[in-house]
Structures are given as structure tokens and as C-alpha cells.
Number of protein chains: 2
Amino acid sequence: MQIKEIIESSKRHWETALPHLSIDCVVFGFDQQQLNVLLLKLKDNAENWILPGGYVLKKEALDDAARRILKERSGADKIFLNAFNVFGDLNRSEGYFTEYDDDLWHKQRFVTIGYYALVDHESVTPVIDASSEDCRWMPIDELPEMVMDHKSIIENALATLREQIRYKPIGYNLLPEEFTMPELQRLYEAVLGYKLNRGNFYRRIMRYNILKKLDKERKGGAHKSPILYSFDKDNYQKALNEFSW
Amino acid sequence: MQIKEIIESSKRHWETALPHLSIDCVVFGFDQQQLNVLLLKLKDNAENWILPGGYVLKKEALDDAARRILKERSGADKIFLNAFNVFGDLNRSEGYFTEYDDDLWHKQRFVTIGYYALVDHESVTPVIDASSEDCRWMPIDELPEMVMDHKSIIENALATLREQIRYKPIGYNLLPEEFTMPELQRLYEAVLGYKLNRGNFYRRIMRYNILKKLDKERKGGAHKSPILYSFDKDNYQKALNEFSW
DNA sequence: TCAAAAGTGTTGAATGTACACCCATGT
DNA sequence: ACATGGGTGTACATTCAACACTTTTGA
């Protein structure tokens, strides 16, 4: 980002957004192989990547802000969003923009709200916004160097996701509308980081009664066409609200 | 609180604290019978109670702010503190202070960080601070009318606590240094809201290896003197960090 | 002597884990 | 034919829940 652009956006932010408060989104996506996180690279920051983040408008609910930021900065839409933690240490954003004037928006002390989002990898086309040079999926086990405390924010989000998957269904937002049993299992394995037994996984999922078996199969693969499933939205929602699985 | 006092504190806050950001603490305490929450009643608000809350100083870490606020407003010290959620809806603090000027600190739109705290009931003497008329423990199942969304913040905190107790040890901060097995069990029952089987509870707790049996008993009771225990701090900490119980 | 506390035993149900079998089917 | 997927059976271990028995001990 050019200096001029930074100054411009600084003025705009002071007018429209709540100061000292930011939102950072950890966007998880699944590409049938591994779990990925959506990261940006800023124009002025040659080496380090950042989380898609932004600010809360003065008349905007926090959750709406997270949704908007995600849409603007990455193109991701209609997603599962959840505030998972707050990062408010003093030194977390120190040492950045030191060469600028003190009234620069970005030089403030920020308390950031960490949101994690689950999106369907297929339905998201990473959008490179005005201030970014790159926007892409990165596998969670090969994260690049990141700015500030962003790497630990991701780790914190992943830990939260792994806890949640133990007692809440996950998948509705990470998979396409229709998917196969092996795909769902690979998703669980990617999140948890270890292999699951196929038969047991099948029974466990079926027991929760959140799947609808469709009357079609995925054609074109090398072997037997796997049956397609979709989530039963009502039961899925019920399972989300109970904390019993 | 008198109008003059409000205006005074408003000026002070604008100078020292981060705007638009507040902290509310849900302080749980256990009195050997039931689970309580520490609540304040403001001088100017005849009927409604509020959570002990406050603001984040410009050069103060979020967690430190929560600790300070708790100390100042309730006298509670050395406690277990944990940010459990953020409340950032637009209408959550609307409709208050409408009769005041717009530059009144308290009339801002606030995003509040919810902290929950676990304290030893014995070691806390509720302190009535300058702006409060009352400060006292209230049982969680008989909460009074509360201001804004404070009641739902408490419910959210309790739900978090009930989830945590399933896989993390709880008690170190809610009980005195030395306690008996029935006391610990009553705490668990108070948090969960239902009775537990004594023998099974005993074995479960012992299995986690977080208790030290002391060589003394609690004298003076009507019947057999129960054995005193204390927590093994190292193992307790280890159990806190694993998420496996 | 009575009631509470401490500790242990037992039993059946439920759940989790590992493995294996059978069938279907697309190339 | 063969590799993959779908579905089920089974056997073992672990865990949980309910209950009961014993011993200790303070007033």
C-alpha cells in the first residue's frame, strides 16, 4: 500500500469506524485434502501474511461487521461465523507503523475480536482487495510467516474448532451442498489431524441423524460411485444447539 | 449517582479509557450451598442490578483491566478470570442515558467483553464503591431484574462454566485452600444444577489426581470429621491445559 | 447409638475401538 | 479383476450409573 493510500484510508476510518477495535477472521476452508486458512498479503509488507481483518462501523453490529469484512476482503459469503476470543494485550500491535504520525489510524492500540469462519472451499473465490497484493488458501500445517500475533490467533482458532467438533456437528459450511461420506470423513480427519475408522465414523454420523441420503451418486470417479448426501438443516440446527454430542 | 458525579466521571473516562469498549464481569462464588453471582446496584437506578463492569485504560492490557475492575468494584482479588464472549449488538445499550447530552461517556455505543471469574466466597468481602448503593451475592437461580442485556450475559457465562466443568477441573478458585470431599461435590452439584452420586464422584475426582489428602480433618461438625483436601497445583494446572476430561 | 463421611465392590448399560465381512459397482 | 464405497456384525475394553456394603468417628 502506498503512503498516500494509507493516509487516505486513515482519515476515512476515523470518521466511520469505532477506534481501538478491530476484527480478525480466521477463515477455514476444506479442499478435499486438507484444512486451509484464507490469508492476505499486503502490498507494503513484502514477506508477512495477515488475516483478513477490518473495523467495526459506528452503527454496525459486531457480527455484521465480521460478515462484511469477510465479504469485502476475501469474497467469502454466507458462512458460519463465530467470535471465539479477544486479543487485548498491550504489545500485540506495537512496533508497526512506527514511522508514521501518531494520528494515523493504524497506529492506534487495537483490541481485536477473533472470529472463525467455516466456508465451502468451492464457493469462495479469493478476492484481492485494494490494499492487498495476494489472497489465497494456505494449509494449516504449513503456515507462512505472519504479522503480529496472527499466527497465534490462528492456532487459537484451530484449537477452538477442534474442541467444537467433539460435541457439535461441523461440515455444513465447509462442504458443498452435496457431498459423499468419504468426503465428510476426510474433513473430520483434516480438522482433527488424525485418521478415523470408516465403519465407526459412518455409524456415528448416521446416529446424529443430520444427513439426508440423496437418490443419486457422484459419477465419474475411478471406482464405485459414492452416494451423495446433504445435511438435514433442521436436525443439523438442533444438534448445534444441544451440546450433547 | 448524582448528575454532577456522572458528568465528572464522564470527563475522566474520555481522558483515560478506550472509548466504545467496556468489560463486564460475571463473578461466580460458592457459599457451600449454592452458586452465586456478585451484583451491584447503582445509586441512581432504584430497581435494576448490574454486573461489575468498567473500562479499559489506554495503556492497560485487557486482562489487567478485568482484574482491576473486579478489584475496585467488588473487592475480589486473586481470581480465575476468563474472557468468554463479546457482546456487540447495536441495541444492547440503547435507551439508557437518553436524557443526557450526546457527549456523555456512558451514552456511547459499547462493545462489551464478558469475563467470568471464579472466586472463593470466603475470601471476598463485597465492597460498595463510590457509584454503587449495594454490592452483594445473588443466587443464580433467583436473579433480580437486571439492566440492559446483563441477565443474558450471566446466562451465557453460566452455560460456558457448565461446559468447562465437563472437561476441565473447577474448584481451585471457588473453594477455600482446604476443603472436604462433600464440599467439592456440593460445588459441582451447584454448578451443574443436579445431584451427583457420591461414590462415583469420589472415584472420578480421585482419578484425575488433582487432590492432595491432608493429614487433618475438619473438627466441630455434628458427625464424623471429614478429611481435608487441597488441590495439587501442578497436576491441577496440567489438567487445565489438557482438554481430555 | 446415630448420622455423616470415606472408601470400595459390584453389576448392567452404554459407548468406543478395532477389525472384518459381504455386497455393489465403475473402469 | 480390483479398488473403492456402503453397510453391518462382532468382540473387547472402557466408562458410566445406580446401589450397596463396610468401617470410622464425633457428639
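Letters go in sequence order (proteins before strands), and every chain restarts at 1.
- Among the atoms of the strands shown, none is found under 4.0 Å from any heavy atom of A:F201.
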Show me the protein contacts with nucleotides 13-17 of chain D, counting only N or O atoms at under 3.5 Å.
unit_1: D:dA17; atom_1: N7; unit_2: B:N200; atom_2: ND2; d: 3.3

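- Partners of A:F110 according to the ring pair (Phe, Tyr, Trp, His ring centres under 6.0 Å) rule, which considers only residues two or more places apart in sequence or in another chain, are A:Y55, A:W105.
- OP1 and OP2 of D:dG6 both lie 4.0 Å or more from every side-chain N or O belonging to A:Y202.
- Applying the 6.0 Å contact sphere to OH of B:Y172 captures no more than 12 heavy atoms from other residues, nucleotides or ligands.
- The distance between atom NZ of B:K213 and atom P of C:dA5, rounded to the nearest whole Å, is 15 Å.
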Indicate every side-chain donor-acceptor pair of residues 21-31 of chain A with a distance under 3.5 Å to a residue at least two apart or in another chain.
unit_1: A:S22; atom_1: OG; unit_2: A:T112; atom_2: OG1; d: 2.8
unit_1: A:D24; atom_1: OD2; unit_2: A:T112; atom_2: OG1; d: 2.8
unit_1: A:D31; atom_1: OD1; unit_2: A:Q33; atom_2: N; d: 2.9
unit_1: A:D31; atom_1: OD1; unit_2: A:Q34; atom_2: N; d: 2.8
unit_1: A:D31; atom_1: OD2; unit_2: A:N36; atom_2: ND2; d: 3.2

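- Here salt bridge (Lys or Arg N to Asp or Glu O under 4.0 Å) pairs that include residues 143-156 of chain A, with residues two or more places apart or in two chains, are A:R92-A:D149.
- Applying the ring pair (Phe, Tyr, Trp, His ring centres under 6.0 Å) test to residues at least two apart or on different chains, the pairs with a partner in residues 136-165 of chain A are A:H121-A:W137.
- Here A:F201 pairs with A:Y188 under the ring pair (Phe, Tyr, Trp, His ring centres under 6.0 Å) rule; sequence neighbours left out.
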Taking protein heavy atoms under 4.0 Å as touching, what does nucleotides 21-27 of chain C look like 5' to 3' if B marks base contact, S marks sugar-phosphate-only contact and - marks none? ---BBBS

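- Partners of A:Y229 by ring pair (Phe, Tyr, Trp, His ring centres under 6.0 Å), not counting sequence neighbours: none found.
- For residues 182-201 of chain B, the salt bridge (Lys or Arg N to Asp or Glu O under 4.0 Å) pairs, not counting sequence neighbours, are B:E183-B:R218, B:E189-B:K195.
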